[in-house]
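Reading through the structure tokens given below for one structure.
Residue numbering restarts at 1 for every chain, and letters A, B, ... go by the order of the sequence lines.
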Amino acid sequence: MLKALLHRKLPRGIVDRDENDADDPAPIEPTRREDPLTATVFERLAYLPPRLTWNILCQAVKPLADGGPALPPDAPSGAPTYSFWPSLRPGADGGNAIRVEPDVLVTWGDTLLVIEAKHYGVQWAGQWLEQLKAIHAMPEYSRKHIWFIAAGGVVPQEQAANEAYVRHKITNSLLGLLAMRWEDLHHAIDEVRMPNRAPEQLAILNDIAAGLDAWGYRKKTWFSSLRSAEPLVRANESMNVLQTWRVR
Amino acid sequence: MNAKNDELKVALVDVRRAYRLLHAYHRRLQDLFQCVDDFLTAKGISFDSWNSINVVRLPAKSKPFFRNWAWDLTPAYQIACRWHGVRGRLTYQIEIEAFADTGYEQSGDGEPDPARFTSAETSNSEIRFGLWSTTAKTPDVGAAWTTIEKENWSDGNTHTATVDGAQYMYRYGAIDLVDLAHEHAVKKNLLEPLRAWIAGA
């Protein structure tokens with residue numbers, strides 16, 4: 001699927017029209033959607049050796065607020081289990097009447113990662129709270145160390161306020177709030193994308209990087225490096241030749 | 001004939017290299033615009049639209065493109081991008097244009113001829129910005145522009161106009177791409193003026 005997308009083989013109609021834009025009947029490009037991005041990235045992280053995935057996440061995430069707890073360097077024991085868009089019952093006092101749906105849950109030993117992904121949209125602490133309340137209502141997660149990862153869409157100047165809001169509403173010493181920029185994930189992937197890595201791992205890492213590129217989270221290239229392109233042979237003379245070249 | 005073919009062969013090497021160089025230019029231009037977009041989005045000002053300035057539109061699929069100007073095949077030669085946002089009591093419109101070549105001149109009725117442009121060496125590649133803010137709830141910058149365009153609007157100062165009781169502020173700037181070579185320069189020379197404008201400085 002990712003390769004079909006990267007090679008522009010997917011019909012535009014594969015995804016819905018923008019329900020917020022009634023004037024535009026055109027289907028939305030997959031790369032404007034956050035769910036295909038979530039799948040592209042986290043499906044593949046699930047294929048990597050768990051320790052490598054943990055190392056990548058450790059590099060990519062930062063505490064939401066200054067001085068907040070950071071992801072520990074050692075991976076939890078055991079193998080992680082990923083569930084995508086799990087449908088959870090709302091927690092006590094939850095605002096959602098029917099279901100709550102985090103983007104990804106990763107159950108991993110004594111740890112639970114809760115991932116809320118954004119692309120174009122911005123993170124919203126009220127949504128985090130709904131998800132955390134739903135998770136707190138589930139006995140199987142009651143003793144887990146919960147790390148909430150806001151992936152993409154984090155507004156830097158709102159991070160401290162969002163952290164304070166969630167901490168005020170939920171008193172749980174086993175809760176850590178983290179932010180992850182997609183560009184930082186790309187950087188973390190690049191750091192481990194070495195030629196001497198096992199081919200099957202390299203293929204997965206290359207796919208994640210290509211996916212992030214496709215969604216626009218590529219490493220920026222500055223004009224200072226433009227001169228590295230090959231110089232023209234003799235541009236002015238070539239222009240004169242082409243100016244006089246006519247097929248009729 | 002052979003000598004002419006040899007000349008053409010070399011010229012076509014230059015064409016291929018020029019396309020590769022153009023790709024490198026476009027890559028960096030897109031990254032520059034993405035940098036601006038990230039910055040403005042974080043300020044609550046979102047991307048609105050873009051268009052090519054020197055190309056009216058890419059020829060439709062069913063139209064023979066080869067009957068149009070060759071410039072229509074170079075839509076990124078001059079591009080414009082617009083962002084919109086409301087902060088407090090002001091509505092902002094940020095316009096940023098990229099001119100690959102200030103030597104482009106449209107003289108006469110025909111297709112502009114690069115052979116008659118100002119030399120590439122004495123021309124610039126530049127980013128131009130037009131910053132609007134207004135107290136109007138439904139801005140009409142076109143109406144405000146009819147007042148401001150009569151002033152020395154490109155002098156870098158803030159110009160004001162009043163339309164239907166609402167106040168409009170406008171500032172123009174141009175930056176040589178040479179002065180946006182790296183991240184620090186982009187922050188200092190492009191993002192800082194945007195930040196100051198949004199902050200009301």
Side-chain angles (χ1 to χ4, degrees), chain A residues 12 18 20-21 23-24 26 29 31-32 118-124 152-159 162 179 181-184 186-187 212-248, chain B residues 3-39 41-44 46-47 66 70 98 113-117 119-121 125 127 175-187 190:
Chain A
R12 284 170 60 89
D18 188 352
N20 297 320
D21 190 353
D23 295 335
D24 187 358
E29 296 282 350
T31 51
R32 288 187 69 88
K118 294 290 180 203
H119 175 58
Y120 280 100
V122 295
Q123 295 281 352
W124 173 49
V154 172
V155 180
Q157 58 268 36
E158 293 176 1
Q159 288 185 201
N162 283 338
R181 293 171 70 246
W182 295 113
E183 292 88 344
D184 291 338
H186 199 313
H187 182 71
L212 288 166
D213 283 350
W215 264 262
Y217 298 107
R218 66 181 84 81
K219 188 179 176 187
K220 291 203 170 44
T221 313
W222 305 101
F223 275 100
S224 54
S225 62
L226 187 61
R227 290 170 76 186
S228 59
E230 199 169 19
L232 301 184
V233 181
R234 40 171 214 163
N236 288 336
E237 290 86 345
S238 295
M239 182 143 158
N240 290 335
V241 169
L242 290 177
Q243 287 279 346
T244 56
W245 178 42
R246 290 282 185 275
V247 291
R248 62 174 186 175
Chain B
K4 279 216 162 208
N5 278 356
D6 286 345
E7 280 188 344
L8 181 56
K9 199 170 183 178
V10 173
L12 290 172
V13 170
D14 270 354
V15 169
R16 293 193 288 276
R17 287 185 177 175
Y19 265 107
R20 295 169 194 199
L21 187 61
L22 263 187
H23 172 266
Y25 169 78
H26 290 154
R27 171 79 277 134
R28 285 154 182 78
L29 195 64
Q30 284 187 300
D31 285 353
L32 180 65
F33 273 93
Q34 192 177 342
C35 204
V36 171
D37 185 58
D38 291 344
F39 178 80
T41 301
K43 303 268 180 210
S46 20
F47 174 81
F66 40 83
D113 180 1
R116 293 208 293 261
F117 288 1
S119 78
E121 288 76 11
S125 303
I127 296 291
I175 310 164
D176 193 320
L177 270 180
V178 170
D179 296 324
L180 297 172
H182 46 78
E183 188 172 13
H184 175 71
V186 170
K187 283 182 178 163
L190 180 57

Within 6.0 angstrom of B:His23 NE2, more than 12 heavy atoms from elsewhere: no
Below 4.5 Å from any heavy atom of chain A, which atoms of B:Val186 appear? Answer side chain, backbone, both or neither. side chain
Minimum heavy-atom separation for B:Asp38 to A:Lys220, with atom names? OD2-NZ, 3.5 Å
In chain order, what residues pass the side-chain contact (heavy atoms from CB on, under 4.5 Å) check against B:Glu183, with sequence neighbours excluded? A:Trp222, B:Lys187
Other residues, nucleotides and ligands only: do more than 12 of their heavy atoms fall within 6.0 Å of OH on B:Tyr19? no
Using non-hydrogen atoms only, which part of B:Leu32 is less than 4.5 Å away from chain A: side chain, backbone, both, or neither? side chain
Over all atoms of both residues, closest heavy-atom pair of A:Thr221 and B:Asp31: N-OD2, 2.7 Å
Nearest heavy atoms of A:Phe223 and B:Leu177, plus distance in Å: CE1-CD2, 3.7 Å
Roughly how far apart are B:Arg27 CZ and A:Arg218 CZ, rounded to 0.5 Å? 3.5 Å
Hits for ring-ring contact (aromatic ring centres under 6.0 Å, His included) against B:Phe117, two or more places apart or cross-chain, chain-then-number order -> B:Trp71, B:Tyr104
